[in-house]
Amino acid sequence: MKDANSPHAAHEHQRDSFGSSFGVLVALAGSAVGLGNLWRFPYLVGENGGAAFILIYLGFVLLVGVPIMMSEFIIGRRSQANARGAFKKLAPGSLWFVSGTLAVLCCLLILSFYSVVGGWGIEYLFKAFRFDFTRGGDSAGLSTLFSDFASSTWRPLVCHTVFLLLSGLIVILGVKNGIEKFSKVMMPVLFLIIIVIAIRSLTLPGAGAGIDYLFHPDWSKVTANTYLAALGQAFFSLSLGSGMVITYGSYVSKKENITAISAKTAAADTLFALIAGCAIMPAVFAFGISPGEGPGLVFITLPHIFSQLPLGGFIAILFFVALLLAALTSSISLLEVIAAFCIEEFKMKRFWAVVLTLFVLWVLGCLCSLSQGVLADWKIFGRNFFDLFDFLSANVLMLLGGLVAVVFVGWKLGRTVIHDELTNSGTLKIPVWLLDTLLFLIRFLAPAAIAVIAIFQWV
Ligand code: TRP
């Protein structure tokens with residue numbers, strides 16, 4: 001029955017898959033937890049006034065993020081195919097698959113700049129191991145240190161290359177032996193490290209102001225932009241609209257509970273973001289730094305804090321290890337979307353699919369890296385390569401991908417299929433009110449929310 005709609009039944013038994021429920025959860029959470037939590041979330045919270053932003057963000061994760069994740073999950077698991085193949089199998093002869101092709105393109109764009117930032121993480125880990133941040137250093141000096149490094153030509157390129165190679169090695173090993181094994185070990189380590197840093201930060205004298213900032217909402221700071229930023233962050237942080245959940249979902253067995261896994265993934269991602277907030281904000285306040293520092297928070301402000309903190313040298317090492325692990329478990333998910341596409345759509349071997357993808361990514365990533373320095377003046381639509389790739393993926397392609405996913409599942413596949421997938425053909429008991437609520441979110445609320453944010457952004 002499973003293969004009734006599959007033209008590729010013979011080739012299907014060779015598909016890799018996750019080995020356990022825990023493996024599925026850590027792989028998905030690994031994709032979700034990344035630079036988005038450690039770097040983007042704290043600075044957005046800082047720029048948007050703290051607790052009120054967090055509450056709005058939580059609302060979006062629950063009401064919009066989870067339904068989109070479940071929709072992508074349904075597409076992936078039902079089709080057992082890559083992001084483009086999935087639409088072709090579920091809606092043969094139609095144009096829905098274009099959305100899958102765009103998703104692959106989206107991952108390519110994201111990973112191009114993501115691997116550059118990952119490379120910066122490698123450099124900073126290196127610096128941390130040399131205890132560079134413990135030798136005094138005022139924030140002006142650290143700011144020059146960062147911009148000098150990021151705008152130089154060779155070192156960032158070398159770091160970017162190393163980061164890509166590390167991701168490639170894991171993905172070449174496959175889904176069960178590479179991605180799942182790596183995530184199973186690294187995700188618990190990552191959580192442990194960030195909890196240790198949070199405890200250190202929360203016990204600083206003056207940490208209370210940071211906690212206040214994180215948990216006492218000031219609604220007067222909320223504007224239309226706050227909502228846009230919060231929904232955008234929910235998309236980015238949960239890795240939505242880019243074929244990731246479709247691809248990982250396609251490696252998941254028909255026995256897993258889609259509702260539960262989606263809720264747990266979202267919970268893990270949100271919990272991690274909040275703990276990261278607790279690790280960063282109290283320290284920011286204790287040392288009298290402005291929380292609205294912007295994207296430089298991680299690479300400029302934090303080293304400054306490390307340089308003044310008792311045991312700061314070790315905390316710096318822990319922090320940049322965490323940053324690198326978080327970035328790697330996310331980058332492998334982006335790489336897997338592209339690799340799965342090459343393997344299934346062009347019948348390539350996994351090894352060659354990854355090598356080819358890495359090569360393309362390396363070239364695009366070099367452009368992003370150099371756009372911080374020698375290529376700063378090469379602009380397309382007024383943006384350098386780094387900003388253009390960021391804008392196209394986060395502000396255009398991901399929103400489009402998320403919208404298509406919920407509309408496809410809500411209206412094209414429809415109620416019976418959703419019911420069938422969420423209850424695993426009737427074997428799972430899911431209360432009717434929950435199914436009805438989810439159906440409403442998938443069909444109406446999520447598409448409306450995405451449409452509103454898209455219109456606000458593009459007009
Ligand atoms: N969610 C990751 C983060 O928070 C980034 C990421 C991984 C991602 N895969 C993605 C973002 C797919 C968008 C789309 O850092």
Side-chain angles (χ1 to χ4, degrees), residues 26-45 57 60-61 65-66 68-69 72-73 76 82-83 99-100 102-118 120-121 163 167 170-171 179 182-183 186-187 190 194 229-249 262 265-266 268-277 295 298 322-341 357 361 389-405 450:
V26 284
L28 275 167
S31 169
V33 172
L35 296 173
N37 306 56
L38 278 174
W39 161 70
R40 211 167 180 264
F41 182 75
Y43 93 72
L44 282 178
V45 171
Y57 173 77
F60 279 145
V61 166
V66 173
I68 299 177
M69 187 179 286
E72 292 194 22
F73 221 124
N82 69 87
S99 162
L102 289 179
V104 175
L105 181 70
C106 180
C107 289
L108 209 58
L109 294 179
I110 297 176
L111 195 45
S112 304
F113 68 84
Y114 207 85
S115 57
V116 172
V117 182
W120 295 347
F163 184 84
S167 316
I170 301 165
V171 174
I179 296 174
F182 183 76
S183 309
M186 295 311 169
M187 285 311 286
L190 186 55
I194 203 71
L231 186 60
Q233 174 63 11
F235 259 81
F236 190 86
S237 195
L238 296 172
S239 312
L240 301 175
S242 58
M244 187 287 283
V245 188
I246 298 183
T247 307
Y248 275 15
S262 304
T265 305
D269 183 60
T270 308
L271 191 66
F272 191 92
L274 291 177
I275 302 176
V298 163
L323 185 86
L324 192 60
L325 289 182
L328 272 175
T329 50
S330 298
S331 73
I332 54 179
S333 75
L334 289 156
L335 191 52
E336 177 62 26
V337 173
I338 313 168
F341 166 79
T357 311
L361 281 167
F389 290 1
D390 183 6
F391 175 82
L392 277 180
S393 52
N395 296 34
V396 182
L397 291 173
M398 286 174 74
L399 293 183
L400 215 57
L403 184 61
V404 171
I450 303 170

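Side chains included, hydrogens not; waters and symmetry mates left out as well; all remaining heavy atoms used. Ligands are counted one by one from 1 in listed order, and the atoms in each one are counted from 1 as well.
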**Prompt:** When rounded to the nearest 0.5 angstrom, what distance separates OG in Ser333 from CD1 in Ile338?
**Reply:** 9.5 Å

**Request:** Check whether any side-chain heavy atom of Asn82 lies under 4.5 Å from a side-chain heavy atom of Val337, and answer yes or no.
**Result:** no

**Any donor-acceptor N/O pair, Ser393 side chain to Leu109 backbone, under 3.5 Å** = no

**Gap between atom OG of Ser262 and atom CG of Leu28 - 0.5 Å precision** = 7.5 Å

**Item:** Ile194 side, atom CD1; Leu190 side, atom CG - distance, nearest 0.5 Å
**Value:** 7.0 Å

**Request:** Quick one, list the residues around ligand 1 where some non-hydrogen atom comes in under 4.0 Å, by chain and residue number.
**Result:** Ser31, Ala32, Gly34, Leu35, Gly36, Asn37, Ile110, Tyr114, Phe236, Ser237, Ser239, Ser242, Ser330, Ser333, Leu334, Met398

**Request:** Find out whether Ile68 and Glu72 are in side-chain contact, i.e. whether some heavy atom of one side chain is under 4.5 Å from a heavy atom of the other.
**Result:** yes

